[in-house]
S.K.: 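Below: one structure in structure tokens.
Naming: A, B, ... by sequence-line order, numbering from 1 per chain.
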There are 2 protein chains.
Amino acid sequence: MESSSAIDRLSALAQPGRLAVFRLLVRAGPEGIPAGEIAAALGLAPNTLSSQLAILVQAGLLSSAREGRVIRYAARPDALSELIVYLMEDCCGGRPEICQPVQEAAARAACCPPSRIRARRPLSA
Amino acid sequence: MESSSAIDRLSALAQPGRLAVFRLLVRAGPEGIPAGEIAAALGLAPNTLSSQLAILVQAGLLSSAREGRVIRYAARPDALSELIVYLMEDCCGGRPEICQPVQEAAARAACCPPSRIRARRPLSA
DNA sequence: CTTATGTTTCGACATTCGTTGAAATATGGA
DNA sequence: TCCATATTTCAACGAATGTCGAAACATAAG
């Protein structure tokens, strides 16, 4: 990925409301959630949420699909993959022991299987 | 990790100069690089770099150690692990096929072994 | 066609952020 | 002690960002 899109994605996520939206949609999975339900779940004004959703979509982190009157948003897992790869690129200059913990963390990421393995330390927003 | 530190880390990385610094130090490995060399390598004014380094250290992304007149900075791999775990937390609600590509991407991340396996697509800053 | 619902767009405002120049601090050497 | 090098701190300026109210747009139902 290009550095410009990495900046776009990082700054899209670097705001409390948008980070909450993204994480909510990561948890929701591929079906996604309609904009109105996101606003209700997070207590955000509809117009504020709308601008934030636009920024996340523009950054490639979310997809959107209209269903009647409702617009349903979903997280795009590939966007996260690309970002992680970009941040770790050429890491640890041939010393596997340095970045192995990072890879293990990604593999554990509280997912797959459902909740047998927990993340090490929770990270606050 | 807490959401506040996730925001701190994401916004620390969401700026071209700081992202370049962090990636340079990820590539440099655990020995790190003195501030002056970082400034020279990236063409940044010393005082500008100093504020950016302070932000990265404050976010927990870098460590610093004085060596005589020089201050040497290094990336902290754990900070990246925690961030990735936080972003992927409770992802894909029991559907492994959704987030498996993310984990594979992390495992491939152009590292360990040195450069046999390449990242899928480069990501611009 | 009119109305109601869901969502977005626009303009304005206060706040935050990044850079710059000048000065200050810290360490090492003559 | 005095000087040179390396880095940080401070104050100020312009640019970018997030939020709000009001209005506009899109879809569906009566």
Side-chain angles (χ1 to χ4, degrees), chain A residues 3-25 28 31-75 125, chain B residues 3-25 28 31-75 125:
Chain A
S3 100
S4 64
S5 79
I7 292 290
D8 289 345
R9 289 180 190 182
L10 289 165
S11 47
L13 293 173
Q15 202 272 337
R18 290 192 299 261
L19 181 57
V21 169
F22 182 74
R23 299 222 311 149
L24 179 65
L25 291 173
E31 303 84 22
I33 304 181
E37 284 185 36
I38 299 173
L42 300 178
L44 298 173
N47 55 352
T48 298
L49 176 65
S50 183
S51 1
Q52 292 175 337
L53 286 171
I55 289 170
L56 288 162
V57 168
Q58 155 73 25
L61 289 162
L62 302 185
S63 60
S64 70
R66 179 175 282 270
E67 288 181 8
R69 272 189 279 211
V70 153
I71 299 184
R72 188 173 283 270
Y73 288 85
Chain B
S3 100
S4 64
S5 79
I7 292 290
D8 289 345
R9 288 179 191 182
L10 288 165
S11 46
L13 293 172
Q15 201 274 335
R18 290 193 298 263
L19 182 58
V21 169
F22 181 74
R23 299 220 315 148
L24 179 65
L25 292 173
E31 302 85 20
I33 304 181
E37 284 185 35
I38 299 173
L42 301 177
L44 299 172
N47 55 353
T48 299
L49 175 66
S50 183
S51 3
Q52 292 175 337
L53 286 171
I55 291 170
L56 289 162
V57 168
Q58 156 72 27
L61 289 162
L62 301 185
S63 61
S64 69
R66 181 175 280 271
E67 286 181 9
R69 274 188 278 209
V70 154
I71 300 184
R72 188 174 283 272
Y73 288 86

S.K.: Walk along nucleotides 15-30 of chain C from 5' to 3' and tag each nucleotide B, S or - by protein heavy-atom contact under 4.0 Å, base first, then sugar-phosphate.
M.R.: ---SSBBB----BS--

S.K.: Judged by atom type as modelled, is there a donor-acceptor pair below 3.5 Å linking the side chain of A:Gln15 to the main-chain atoms of A:Arg18?
M.R.: yes

S.K.: When you measure from the side chain of B:Arg9 to the backbone of B:Ser11, do you find a donor-acceptor pair of N or O atoms at a distance under 3.5 Å?
M.R.: no

S.K.: Nearest-Å distance, CD1 (B:Ile71) to P (D:dT5)?
M.R.: 18 Å

S.K.: Check whether any side-chain N or O of B:Thr48 sits under 3.5 Å from a backbone N or O of B:Leu44 as a donor-acceptor pair, and report yes or no.
M.R.: no

S.K.: Is the backbone N or O of A:Pro34 less than 3.5 Å from a side-chain atom of A:Arg72, with the two atoms forming a donor-acceptor pair by type?
M.R.: no

S.K.: What is the distance from CZ of B:Arg72 to P of D:dT7, rounded to the nearest Å?
M.R.: 10 Å

S.K.: Kindly say if A:Tyr73 contacts the phosphate of C:dG6, meaning a side-chain N or O under 4.0 Å from OP1 or OP2.
M.R.: no

S.K.: Set out, in order, the CA-CA distance, both residues' side-chain angles and the distance that settles side chain to side chain contact (heavy atoms under 4.5 Å, CB included) for A:Leu56 and A:Tyr73, then state yes or no.
M.R.: CA-CA 10 Å; A:Leu56 288 162; A:Tyr73 288 85; over 6 Å; no

